[in-house]
Amino acid sequence: MLSNPTFSRFSNIALLLWLFALTQSVMALLGVFSVKQSDAERILFGIVELATIALLIFNAFAIKRFVTKHDCLAASYFSKICLYSLLLCAAGDIVNRNFPQLFYQYDNVIKHSYLADSVLFFFPGYLILAIAIAHFALKNGLSKRLVGITATITALIALVTYHDMHLTGAAYLLTLVTGAYSVLVSILALSAIWLIKSLQAYKVPMRIWCAALGLVLAMVADAIIGKFWIFGNEGQGYFPLVSHINWIIYFASQALIQQLPIGLLQLKLASKPD
C-alpha cells in the first residue's frame, strides 16, 4: 500500500496555496492593497490571484498523473472531472477580475453584471462535477427516486431564496442566467450528501469528507456573490470587501474538491485484501 506521505503531498500543496490566498485577501482587507483606488494595483492584485489558482491547477494535473497510474477507475475518472471543472472555473475567475472595467452591461440596475458573464464558465464547470457525482452515487446503489426528490426540493428552495434577493428591474437575461446558476450550485452542494451516502457501507477517508465540504463551500461562495456582490446594496454591490471574503471561501472549496480523486484511491486501496 502507498505510504501516507505520498497522498499528503497533494493535500499539503493545496493547503499552502489556500493559506497564500487567505493572506492575499487578509492583506487587502487590512488596506495593505487598495484594489479600488489604483488601476495598476487592482490589475496586479488580480494577476496574483489568478497565478494562485493556476498553481492549484498544476496541483490538479499532478493529482491526475498520479492517480491514473493506479488501477482505480473512479479515482482516475474524477481526477479528470475535477481538473476540467477547475479549468472552466478558472476561466470564470478571469472574467470576475473585470480587467476592462465593464459595468451595467445588462441594465442600469446591476453594476457588477460581468459576474453573470462568468457563469458561462462556472456553470459547465460545476455541472460536469454534479453530474459525475450523481452518476457515481447511482452506480454505488443510491436510489434514483432519492436523487430525483432531493434535487427537486433543493431546486425549489434555491429558486425561493433567489427570488428573495433578486432586485426589481434587473434584466431578464441576467435574471435567467443567475437564477439557473443558483439552482445548479445548490444541487452541487446537495451532491455532497449523495456522495457520502453512496459510500456509507465503507469507512469514508477524510479526503472524501473534505471534498464534500468543498462542494458545500462552492455554494456558500456563490451565495455570497449573489447576495452581496450582484444584488447587494441595491445593485451597487459591496465591492471590494465581498470579493476578498468570497475569494477565501471559493479557493478553499476548490482546494478541497480536488482531494476527491485521492480519497477515492485511498478507499480502493483500503478495501483491497492484504
Side-chain angles (χ1 to χ4, degrees), residues 4-26 49-50 52-64 66-67 72 74-90 92-93 96 121-122 125-134 136-137 184-199 202-225 244-268:
N4 191 54
T6 305
F7 293 108
S8 295
R9 72 170 182 261
F10 301 111
S11 302
N12 291 340
I13 290 171
L15 175 60
L16 288 173
L17 289 174
W18 176 75
L19 289 174
F20 182 54
L22 174 65
T23 301
Q24 295 166 23
S25 294
V26 170
E49 285 185 319
L50 292 176
T52 312
I53 206 75
L55 292 174
L56 195 67
I57 291 172
F58 284 129
N59 197 41
F61 268 111
I63 290 172
K64 176 180 171 295
F66 171 75
V67 166
C72 182
S76 180
Y77 174 67
F78 272 103
S79 71
K80 297 173 185 176
I81 292 295
C82 289
L83 173 59
Y84 300 152
S85 174
L86 181 55
L87 285 169
L88 285 165
C89 290
D93 290 327
N96 284 351
F121 299 102
F122 282 107
Y126 284 149
L127 180 62
I128 61 174
L129 193 55
I131 290 175
I133 292 172
F136 175 81
L184 173 62
V185 293
S186 298
I187 291 177
L188 182 68
L190 172 65
S191 72
I193 299 176
W194 297 340
L195 175 65
I196 298 300
K197 189 169 179 59
S198 69
L199 296 173
Y202 306 92
K203 183 178 179 181
V204 181
M206 181 57 65
R207 284 179 177 82
I208 295 181
W209 283 101
C210 287
L213 175 59
L215 296 169
V216 175
L217 288 180
M219 179 195 68
V220 173
D222 280 299
I224 290 173
I225 286 181
H244 301 318
I245 295 173
N246 168 263
W247 183 247
I248 295 170
I249 300 172
Y250 165 74
F251 199 96
S253 75
Q254 293 288 13
L256 289 169
I257 288 171
Q258 72 173 205
Q259 304 306 309
L260 180 56
I262 300 295
L264 290 171
L265 179 57
Q266 277 186 296
L267 185 64
K268 173 68 178 293

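- Across every non-hydrogen atom of Leu56 and Ala255, the tightest pair is CD2-N, 3.9 Å.
- In this structure, Ile262 CD1 and Ser8 OG are separated by 9.5 Å, a value rounded to the nearest 0.5 Å.
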side-chain contact (heavy atoms from CB on, under 4.5 Å) assessment of Leu55 paired with Phe20: CA-CA 11 Å; Leu55 292 174; Phe20 182 54; 5.7 Å; no
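- Side chain of Trp18 to backbone of Ile248: a donor-acceptor contact under 3.5 angstrom is found.
- Remark: side-chain polar atoms of Ser25 are not paired, donor with acceptor, to backbone N or O of Leu22 under 3.5 angstrom.
- The distance from the CH2 atom of Trp247 to the CD1 atom of Ile53 is 4.5 Å, given to the nearest 0.5 Å.
- A heavy-atom distance below 4.5 Å is found between the side chains of Arg9 and Phe66.
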Can Val204 and Leu267 be said to form a side-chain contact (heavy atoms from CB on, under 4.5 Å), step by step? CA-CA 7 Å; Val204 181; Leu267 185 64; 5.9 Å; no
Check the pair Cys82 / Ile257 against side-chain contact (heavy atoms from CB on, under 4.5 Å), numbers first and verdict last. CA-CA 7 Å; Cys82 289; Ile257 288 171; 4.1 Å; yes
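- Ala75 approaches Pro261 most closely through the heavy-atom pair CB-O, 3.4 Å.
- Not less than 6.0 angstrom separates the ring centroid of Tyr77 from the ring centroid of Phe136.
- Atom CD of Gln266 sits about 10.5 Å away from atom CE of Met206, to the nearest 0.5 Å.
- The two residues Pro205 and Gly263 make their nearest non-hydrogen contact at CG-O, 3.5 Å.
- For the side chain to side chain contact (heavy atoms under 4.5 Å, CB included) test with Tyr250, the passing option among Val220, Asp93, Leu217, Asp222 is Asp93; the others fail.
- The two residues Trp194 and Ala137 come nearest to each other via the heavy atoms O-CB, 3.8 Å.
- Contact between Lys268 and Cys72 at its shortest, heavy atoms only, is CB-SG, 3.7 Å.
- Across all their heavy atoms, Ile57 and Ala90 have their closest contact at CD1-CB, 3.7 Å.
- Between Ile208 and Leu264 the shortest side-chain heavy-atom distance falls below 4.5 Å.
- Taking NZ from Lys64 and CD from Gln258, the interatomic distance works out to 14.0 Å, rounded to the nearest 0.5 Å.
- In this structure, OG on Ser79 lies 8.0 Å from OH on Tyr84, to the nearest 0.5 angstrom.
- One distance of note links CZ of Phe58 with CG of Leu83; it measures 11.0 Å at 0.5 Å rounding.
- The cationic atom of Arg207 (NZ for Lys, CZ for Arg) does not lie both less than 6.0 Å from the six-membered ring centre of Phe10 and within 45° of the ring axis.
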Going through the checks in order, is the side-chain contact (heavy atoms from CB on, under 4.5 Å) test met by Gln254 and Phe251? CA-CA 5 Å; Gln254 293 288 13; Phe251 199 96; 5.7 Å; no
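- For the pair Leu260 and Ile81, the minimum side-chain heavy-atom distance is 4.5 Å or more.
- Checked options Ile128, Leu215, Ile187, Leu190; the residue passing with Ile133 is Leu215 (criterion: side chain to side chain contact (heavy atoms under 4.5 Å, CB included)).
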